[in-house]
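What follows is a set of notes on a single structure, which appears directly below.
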Amino acid sequence: NAIYIFSKYPIINSRSLKKDDLHNYALYSDIIINPDTVRLFNIHLESLRLRHEDYQFISDIENQIEKNENVRESSKRIFNKIKDAFARRSSQVDSLASCINKSPYPVILCGDFNDTPNSYAYQKLTAELTDSFLESGNGFGNTYTGNLPSYRIDYILYSDHFTSYECRRDKVNFSDHYPVSCWISPVKNSENE
């Protein structure tokens with residue numbers, strides 16, 4: 001999966017964060033927005049990489065156990081995928097958090113974490129950034145619509161330089177994720193008001 005950032009505002013710098021030689025898991029661009037500069041991150045953290053037969057096994061596990069058909073082998077395969085994904089995602093998040101902390105500009109981060117709000121990825125990234133859904137959203141905000149339970153795994157986060165309005169998730173079926181959007185604006189200094 002490729003990651004891109006498109007902007008109607010001038011992009012003065014961009015950098016990819018790589019998960020391997022061919023694929024990136026994050027991209028940031030420094031964008032000039034009337035007259036401020038913002039560092040915008042677009043991310044797609046490591047997924048579980050489950051295949052059709054994995055989903056089939058999960059949905060039919062009760063019958064599999066009764067028949068004792070390949071339960072151990074299938075369970076071990078799925079467990080290993082989950083373990084590998086968590087390890088890769090943790091490494092990606094540590095690198096990403098370091099990059100965010102070094103940013104000379106206020107940060108907006110958005111994308112697919114492939115993880116829930118109680119995860120290491122979410123907790124690490126929201127230690128310094130605000131979750132727009134918590135700030136200005138409502139309801140459950142679940143964004144994943146695939147074969148596993150529906151959770152909120154797509155986020156828009158931002159540094160304390162900003163505030164958000166009207167965070168929402170649109171129930172449109174373009175993929176196995178619902179899109180998330182919100183309005184973000186700089187926090188006004190009381191001296192300038």
Side-chain angles (χ1 to χ4, degrees), residues 1-47 85-137 141 143-144 151-170 177-193:
N1 294 345
I3 298 176
Y4 301 98
I5 294 176
F6 299 98
S7 173
K8 70 178 185 178
Y9 298 102
I11 296 175
I12 58 171
N13 179 40
S14 288
R15 179 175 168 226
S16 291
L17 303 176
K18 301 282 188 182
K19 67 179 176 184
D20 56 42
D21 289 340
L22 299 175
H23 303 97
N24 56 344
Y25 67 90
L27 172 70
Y28 73 75
S29 292
D30 296 333
I31 302 172
I32 299 174
I33 305 175
N34 306 331
D36 297 323
T37 303
V38 173
R39 180 159 288 174
L40 175 68
F41 286 84
N42 186 2
I43 70 170
H44 183 238
L45 298 179
E46 188 69 32
S47 72
F86 284 157
R88 285 188 187 117
R89 204 161 34 240
S90 294
S91 175
Q92 291 170 352
V93 166
D94 289 342
S95 176
L96 185 58
S98 175
C99 190
I100 289 168
N101 288 333
K102 293 175 186 172
S103 174
Y105 308 114
V107 168
I108 298 172
L109 180 145
C110 52
D112 179 359
F113 285 31
N114 276 311
D115 238 332
T116 63
N118 65 345
S119 68
Y120 173 77
Y122 179 87
Q123 296 301 317
K124 179 89 173 179
L125 294 173
T126 57
E128 299 294 326
L129 302 174
T130 301
D131 181 343
S132 64
F133 179 78
L134 296 182
E135 191 72 19
S136 63
T143 60
Y144 176 73
Y151 293 107
R152 187 165 71 96
I153 64 173
D154 302 279
Y155 306 91
I156 300 171
L157 310 179
Y158 51 85
S159 58
D160 60 7
H161 179 83
F162 301 106
T163 190
S164 67
Y165 305 94
E166 299 177 25
C167 182
R168 68 180 208 218
R169 176 233 31 219
D170 291 319
H177 293 252
Y178 292 134
V180 179
S181 64
C182 72
W183 293 98
I184 294 178
S185 66
V187 174
K188 293 185 173 139
N189 292 331
S190 56
E191 299 168 4
N192 297 338
E193 291 183 32

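Being a predicted model, the structure only gives us computed values, none of them experimental.
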key: Least distance between heavy atoms, Cys182 atom then Cys167 atom   =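 Of all heavy-atom pairs spanning Cys182 and Cys167, the closest is CB-CA, 3.5 Å.
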
request  = Might you point out which heavy atoms bring Val187 and Asp160 nearest each other, and give the distance in Å?
outcome  = CG2-O, 3.8 Å

Considering only heavy atoms from C-beta outward, does the side chain of [X] approach that of [Y] to under 4.5 Å?
X      : Y      : result
Leu45  : Tyr25  : yes
Glu128 : Leu157 : no
Asp112 : Ile43  : no
Arg168 : Ser181 : yes
Leu129 : Val107 : yes
Arg15  : Leu27  : no
Ile31  : Ile12  : no

When rounded to the nearest 0.5 angstrom, what distance separates [atom1] in [X] from [atom2] in [Y]?
X      : Y      : atom1 : atom2 : value
Asn114 : Arg88  : CG    : CZ    : 12.5 Å
Ile100 : Leu125 : CD1   : CG    : 5.5 Å
His44  : Gln92  : NE2   : CD    : 9.5 Å
Lys124 : Ser119 : NZ    : OG    : 12.5 Å
Phe6   : Asn42  : CZ    : CG    : 10.0 Å
Ile108 : Thr130 : CD1   : OG1   : 11.5 Å

Pair [X], [Y]: side-chain N/O donor-acceptor within cut-off below 3.5 Å:
X      : Y      : answer
Ser14  : Ser29  : yes
Asp94  : Tyr120 : yes
Tyr158 : Ser132 : no

task = Kindly write out the residues that satisfy side-chain hydrogen bond (donor to acceptor under 3.5 Å, both in side chains) with Tyr165, not counting sequence neighbours, or none if the list is empty.
result = none

request  = For Tyr105, enumerate each residue passing the side-chain hydrogen bond (donor to acceptor under 3.5 Å, both in side chains) test, keeping only those at least two apart in sequence or located in another chain.
outcome  = none

message = Can you list everything that forms a ring pair (Phe, Tyr, Trp, His ring centres under 6.0 Å) with Tyr155? Sequence neighbours excluded, please.
response = Phe113, Tyr122

inquiry  = With side-chain contact (heavy atoms from CB on, under 4.5 Å) as the criterion, how do Asp36 and His161 come out once you've worked through the C-alpha distance, each side chain's angles and the decisive distance to 0.1 Å?
reply    = CA-CA 11 Å; Asp36 297 323; His161 179 83; 4.2 Å; yes

ask   = When you measure from the centre of the six-membered ring of Tyr28, is the NZ or CZ of Arg39 under 6.0 Å away and within 45° of the axis?
value = yes

message = Would you say that more than 12 heavy atoms from the other residues, nucleotides or ligands in this model lie under 6.0 Å from the CD of Gln123, or not?
response =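 Atom CD in Gln123 is packed in, count exceeds 12.
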
inquiry  = Name the residue from Ile156, Leu40, Leu96 that meets the side chain to side chain contact (heavy atoms under 4.5 Å, CB included) definition with Leu109.
reply    = Leu96

ask   = Sub-3.5 Å donor-acceptor pair from the side chain of Asp115 to the main-chain atoms of Ala121, do we have one?
value =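 Not confirmed, Asp115 side chain does not pair with Ala121 backbone.
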
request  = Inspect the contact between Asp154 and Arg152 and indicate whether a charged nitrogen and a carboxylate oxygen are less than 4.0 angstrom apart.
outcome  =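 Result for this pair is no, no salt bridge flagged.
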
